[in-house]
Asks: 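Quick one: this structure, given as structure tokens, is what I'll be asking you about.
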Amino acid sequence: AVFGDEEDAFDPILANKLKSYVLEWACRPRVKEQFRRAITAHKQGKLDRFLTRVNREKDHSSFKSVSGGEGTSPQEGKTPAPKASRKKQMGRTASSLASAQRVQTVDLSQGGSMLATRTKREPQLSLAEESQIEDMFATLDGSVIRESADVESFLVENCELSKYLAESLCHRVRSLAGVAEQEPITKGMFGSWCSGRWRMDDPVEMFFHIVKEPEDEHITSDALRRQIDHLVQQHPGLAVMRECDAAVLQRYADTALCRLLYACDPYDAGFVTLSNLRKAEPSLIATWRRLDTEVDIDEVRDFFSYLHFYIIDTKFRELAGETKVVLTKEDFTPYDEYSLSSRVIDQLFNESARKFTSGEPGVMSYSDFVHLLISEQDKSTSTAIRFWFRILDVDGDGYVGVSDLRWLHDEQAERAAAYEYPVTPLEDHICLLCDILQPKVPARFALRDFLKHPRMTSALFSLLVSLNKLYEVEGQELFSMKPNAEGYTDWEVYCFQQHEMMLEGNEDEEEEGEWDEDFGG
């Protein structure tokens, strides 16, 4: 949580020795500095000495807090205790200190938390926030909220959130108050829920609390899916889809959920933390809010575009047919005109990059396919780089070395030679990578090295895994790869190109049909 992809944070010896300090240090404002000091001491072979000093400092501070601190003068008008009494007092002090230390030493294996030993003051609304709530209730009939539409303007104007969150907000408030769903919401009920969950300058945190279940510490995929279902049933741009087959609507919601998790769950944990929600690109909160003003759902290119869903669904149906809901290795092999190498496909279906969600080993579900398709067509995102890094790390040692690169490059070179297409020698690529990425160990690349240069990394991965992408990238300078014009991502460009090809294909079919009719075909 502190270091992300820093390899030092995963040292097993270090992790084992620091596990009892994690929750304690998390309460400190300079937690990262404390962990970095521990890592430095570990590298120097002085970790035990460092932790001994930390414990000594902790004991000293605990003693000061119990005894009143150093240099504290006796209270005025009170006679100092005699020596015998002082011994008893020191005994009581030592007992108090031991008790305080027992409170601070929590058995983590039993689910204990040092945070639970600290008394937390209930957060309060600011005067400005209370005033805005009062202003909203002053405009309501009977000064109560009767339906979700009553809070839409409050969400949009005061919270900078989407009006499509109104129904979920009312549900959360009623749930906390313990009243039925149809009961009016009073100002007191609404203010109680907002305390600690709403700040005028932090729409992300309020979105987080509206969507997640109260008992959870993060947004689960089920909670996110329920919010998508609310949107699907309410947005005017999806009215036509609501009249279509229910299965199509289901797949659209599944696709939107996959795309949301793809952006907001970079470590593929199956849920969204508040921290990852803040860092997500594109912003989930901004995208949701844009839905308020965009009637055409395709104008919202992030997450909810029907065009993007149509491309994804069509590509899946081309491989699985109209009835199957999963893909085997044989089903998937024709993907993108057999462009992926057999070794890459083996890595995919060995689940080296990502465990499949179908529940059956070596069988790809629809959500697995969505994750793969986006990663394959846009390798410049952090999620895609992590995905392909695990594919390239053939020996699973946490690094991409020369042997890993050669194993994939050799097959690509053989396939290209069959079409008499020249391929740049692997050594040239490795020299360029070493010059640009500057790995700690020459020709041994860590994940953090590739994350530094996403555009060049995208081009390299394309050279190694896809024959079609190799033709596009080969001959270009890897370090000169530039973003697309007008801010379009590689994924958006791919969807646009695929849609154009589909339209051209339909026009050709119509022309052939007209020709047959003219000549009696």
Side-chain angles (χ1 to χ4, degrees), residues 123-177 179 181-214 216 218-219 223-238 253 256-257 260 263-264 272 274 277-278 280 282-295 297 299-300 302-304:
Q124 300 294 325
L125 294 171
S126 67
L127 293 177
E129 290 162 351
E130 289 180 353
S131 175
Q132 291 184 6
I133 292 176
E134 289 177 358
D135 291 344
M136 176 186 69
F137 276 87
T139 63
L140 300 176
D141 182 24
S143 296
V144 293
I145 298 172
R146 301 186 185 278
E147 55 186 17
S148 58
D150 293 338
V151 297
E152 288 182 358
S153 61
F154 176 81
L155 280 170
V156 173
E157 298 172 8
N158 301 101
C159 306
E160 299 182 7
L161 293 173
S162 169
K163 66 181 181 182
Y164 292 110
L165 298 171
E167 185 175 336
S168 295
L169 173 59
C170 292
H171 172 73
R172 297 290 180 228
V173 174
R174 290 188 175 104
S175 178
L176 180 65
V179 300
E181 284 300 316
Q182 303 303 321
E183 289 291 321
I185 297 174
T186 65
K187 182 172 65 175
M189 293 161 56
F190 192 82
S192 295
W193 186 90
C194 288
S195 296
R197 299 177 179 88
W198 173 50
R199 292 201 304 270
M200 294 172 60
D201 59 345
D202 193 356
V204 178
E205 185 170 1
M206 188 168 186
F207 179 95
F208 180 76
H209 286 291
I210 290 175
V211 177
K212 82 176 187 69
E213 295 297 332
D216 293 330
H218 43 249
I219 300 176
L224 201 54
R225 174 56 188 269
R226 283 191 289 272
Q227 200 60 53
I228 293 171
D229 289 338
H230 289 325
L231 178 67
V232 168
Q233 295 301 325
Q234 296 173 10
H235 197 277
L238 298 172
L257 175 62
L260 288 171
C264 302
V272 179
L274 179 58
L277 185 63
R278 293 189 189 281
S283 168
L284 180 55
I285 285 77
T287 302
W288 222 290
R289 190 173 184 189
R290 191 179 174 195
L291 294 167
D292 292 354
T293 56
E294 286 290 355
V295 177
I297 199 73
E299 291 297 321
V300 184
D302 303 321
F303 311 131
F304 300 106

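Just so it is clear, the structure is predicted and the values come from calculations on it, not from any experiment. Computed over heavy atoms, backbone and side chain alike; hydrogens, waters and symmetry mates excluded. Starting from 1, each residue takes its place in the sequence as its number.
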Asks: Kindly write out the residues that satisfy side chain to side chain contact (heavy atoms under 4.5 Å, CB included) with Val179, not counting sequence neighbours, or none if the list is empty.
Replies: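 Result, side chain to side chain contact (heavy atoms under 4.5 Å, CB included) vs Val179: Arg174, Ala177, Glu183, Met189.
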
Asks: At what distance, to the nearest 0.5 angstrom, does SG of Cys170 lie from CD1 of Ile210?
Replies: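 Rounded to the nearest 0.5 Å, the SG-CD1 separation comes out at 9.5 Å.
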
Asks: Find the distance between CG (Leu224) and CG (Leu284) and round it off to the nearest 0.5 Å.
Replies: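 Here the rounded value is 6.5 Å.
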
Asks: Under 6.0 Å between ring centres, would you say that holds for Phe154 and Trp198?
Replies: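 Judged by ring-centre distance (under 6.0 Å), Phe154 and Trp198 do meet the cut-off.
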
Asks: Only counting residues at least two apart or in another chain, list the ones meeting ring pair (Phe, Tyr, Trp, His ring centres under 6.0 Å) with His235.
Replies: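 Partners of His235 by the ring pair (Phe, Tyr, Trp, His ring centres under 6.0 Å) criterion, ordered by chain and then number, come out as Tyr164.
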
Asks: Does some side-chain heavy atom of Arg278 sit less than 4.5 Å from a side-chain heavy atom of Val204?
Replies: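 Val204 vs Arg278: side chains touch.
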
Asks: Tell me every residue that passes side chain to side chain donor-acceptor pair (under 3.5 Å) with Glu160, counting only those two or more places apart in sequence or in another chain.
Replies: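 Side chain to side chain donor-acceptor pair (under 3.5 Å) check on Glu160 returns nothing, list empty.
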
Asks: Holding to side chain to side chain contact (heavy atoms under 4.5 Å, CB included), I want the full list of residues that pass it with Ala253, two or more places apart in sequence or in another chain.
Replies: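 With neighbours one apart ignored, the set is Arg225, Ile228, Asp229.
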
Asks: For side-chain hydrogen bond (donor to acceptor under 3.5 Å, both in side chains), just list the numbers for Gln124 and Ser195, CA-CA rounded to whole Å, side-chain angles, deciding distance to a tenth of an Å, and then say yes or no.
Replies: CA-CA 5 Å; Gln124 300 294 325; Ser195 296; 5.1 Å; no

Asks: Hey, can you pull the donor-acceptor pairs under 3.5 Å for the side chains in residues 128-143, sequence neighbours left out?
Replies:
unit_1, atom_1, unit_2, atom_2, d
Glu129, OE1, Ser126, N, 2.9
Glu129, OE1, Ser126, OG, 3.3
Glu129, OE2, Met200, N, 3.2
Gln132, OE1, Asn158, ND2, 2.9
Thr139, OG1, Met136, O, 2.7

Asks: Would a 4.5 Å heavy-atom cut-off, applied to side chains only, mark Gln227 and Leu165 as touching?
Replies: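 Yes, side chains in contact.
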
Asks: Please report the shortest heavy-atom distance between Leu161 and Pro203, naming the atom on each side.
Replies: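 Heavy atoms of Leu161 and Pro203 come nearest at CD2-O, 3.5 Å.
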
Asks: Starting at CD of Glu181, measure out to CD of Glu167 and round the result to the nearest 0.5 Å.
Replies: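 It comes to 8.5 Å.
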
Asks: Can you pull out every side-chain hydrogen bond (donor to acceptor under 3.5 Å, both in side chains) where at least one residue sits in residues 144-157? Sequence neighbours excluded, please.
Replies: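 For residues 144-157, and leaving out neighbouring residues, there are no side-chain hydrogen bond (donor to acceptor under 3.5 Å, both in side chains) pairs at all.
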
Asks: Sequence neighbours left out, what passes salt bridge (charged side-chain N to carboxylate O under 4.0 Å, His left out) with Arg172? Give chain and number order.
Replies: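 Testing Arg172 for salt bridge (charged side-chain N to carboxylate O under 4.0 Å, His left out), a comparison that skips the adjacent residues, returns Glu213.
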
Asks: Given Glu205 and Arg197, is the salt bridge (charged side-chain N to carboxylate O under 4.0 Å, His left out) satisfied, shown in steps?
Replies: CA-CA 7 Å; Glu205 185 170 1; Arg197 299 177 179 88; over 6 Å; no

Asks: Could you check whether any side-chain heavy atom of Leu125 comes within less than 4.5 Å of a side-chain heavy atom of Cys194, counting everything from C-beta outward?
Replies: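 Yes - at least one pair of side-chain heavy atoms lies under 4.5 Å apart.
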
Asks: Name all residues meeting the side chain to side chain contact (heavy atoms under 4.5 Å, CB included) criterion together with Ala286; count only those two or more places apart in sequence or in a different chain, and write none if there are none.
Replies: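 Applying side chain to side chain contact (heavy atoms under 4.5 Å, CB included) to Ala286 gives Ser283.
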
Asks: Taking the side chain as every heavy atom from C-beta outward, state whether Val151 and Ile185 have any atom pair closer than 4.5 Å.
Replies: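 No. Closest side-chain heavy atoms not under 4.5 Å.
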
Asks: Can you name the closest pair of heavy atoms from Cys264 and Leu277 and give their distance?
Replies: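 For Cys264 and Leu277, the tightest heavy-atom pair comes out as SG-CD1, 4.5 Å.
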
Asks: How would you list all residue pairs meeting side-chain hydrogen bond (donor to acceptor under 3.5 Å, both in side chains) that involve residues 284-295, not counting sequence neighbours?
Replies: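 Qualifying pairs, neighbours excluded: Ser162-Asp292.
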
Asks: Is there side-chain contact between Trp193 and Leu169, with heavy atoms separated by less than 4.5 Å?
Replies: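 In contact.
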
Asks: Could you work out, with side chain to side chain donor-acceptor pair (under 3.5 Å) as the rule, every residue matching His230, not counting sequence neighbours?
Replies: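 With sequence neighbours excluded, His230 shows a side chain to side chain donor-acceptor pair (under 3.5 Å) to no residue whatsoever.
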
Asks: Mind listing the closest non-hydrogen atom pair of Gly237 and Ile297 along with its distance?
Replies: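 In this case the closest contact between Gly237 and Ile297 is O-CG2, 4.2 Å.
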
Asks: Just to verify, what does Gln182 make a side chain to side chain donor-acceptor pair (under 3.5 Å) with, not counting sequence neighbours?
Replies: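 Gln182 satisfies side chain to side chain donor-acceptor pair (under 3.5 Å) with no other residue.
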
Asks: Side chain of Ser175, backbone of His171: donor and acceptor closer than 3.5 Å?
Replies: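 The answer is no, because no donor-acceptor pair under 3.5 Å joins these two groups.
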
